[in-house]
Amino acid sequence: MKIQNSHIGVLAVQGAFIEHEHMLQSLGVETFEIRQKKDLNQPMDGLILPGGESTVMGKLLWELGMMDTIREKIESGLPVFGTCAGLILLAEKIADEETSHIATMPVKVRRNAYGRQLGSFHGEADMKGIGCIPMTFIRAPYIESCENGVEVLAEVDGRIVAARYKNQLGIAFHPEVTKDTRVHEYFLKMVRKIQQKDLLNQESA
Ligand code: GLN
């Protein structure tokens, strides 16, 4: 069984995508930017949805004709990692808003959830499977509720800030702006496990 090197797509229509690319490249992982629909045709082992402004990114995904393809890819098992606005894009429900975006992760998020004064702050907390990590929050959301099957990975002050649902990892903070690569490594492990499972399924088919 041969597992290929991971080739990770980073949504690059708006927001903090460069930081993710640099972090992945520092881990020796190949990345490519997704700016237009045709970029989604490249072989992709995982997808990163960066922080930024979820309303702008959501609108651009529709305008650029990428929304349905991205949703289908995630629904058929593509590993995806959303940070901050990226988590909001993944959430099935957004508190006090009528619409959602990609909506593949069965969680409800609350945007700009820490108020204006505390818009940005830095802390440290445990993340399941990793240990204590630095967490930088920038006008961050939190996960207000999750449905069955969602695994809570981290909480800060009783609020969920990281969770996983099958092939989807959503976190409210920004590991790409710190020097700590462990959350990205956690995602890469998810990618490899899913690749491994796919290969085994192909071999036994
Ligand atoms: N406040 C932004 C939003 O609602 C998210 C902020 C971020 O990604 N740093 O989309």
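Order of listing sets the numbers, starting from 1, for every ligand and every atom in it. We use all heavy atoms of the structure for the numbers below, so side chains are in, but hydrogens, waters and symmetry mates are not.
- Ion pairing between Arg182 and Asp180 holds under the 4.0 Å rule for side-chain N and carboxylate O.
- The salt bridge (charged side-chain N to carboxylate O under 4.0 Å, His left out) with Glu144 is formed by just one residue from the set Arg159, Arg110, Lys93; it is Arg110.
- With 3.5 Å as the limit, one finds a donor-acceptor pair spanning the side chains of Gln25 and Thr31.
- Residues Phe137 and His174 place their aromatic rings such that the two centres sit no closer than 6.0 Å.
- Taking 4.5 Å as the limit, some side-chain heavy atom of Ile74 sits within range of a side-chain heavy atom of Leu90.
- Ring-centre distance between His122 and Phe173: not below the 6.0 Å cut-off.
- Pocket lining of ligand 1, defined as residues with a non-hydrogen atom under 4.0 Å away: Gly51, Gly52, Glu53, Ser54, Cys84, Ala85, Ile88, Arg111, Asn112, Ile138, Arg139, His174.
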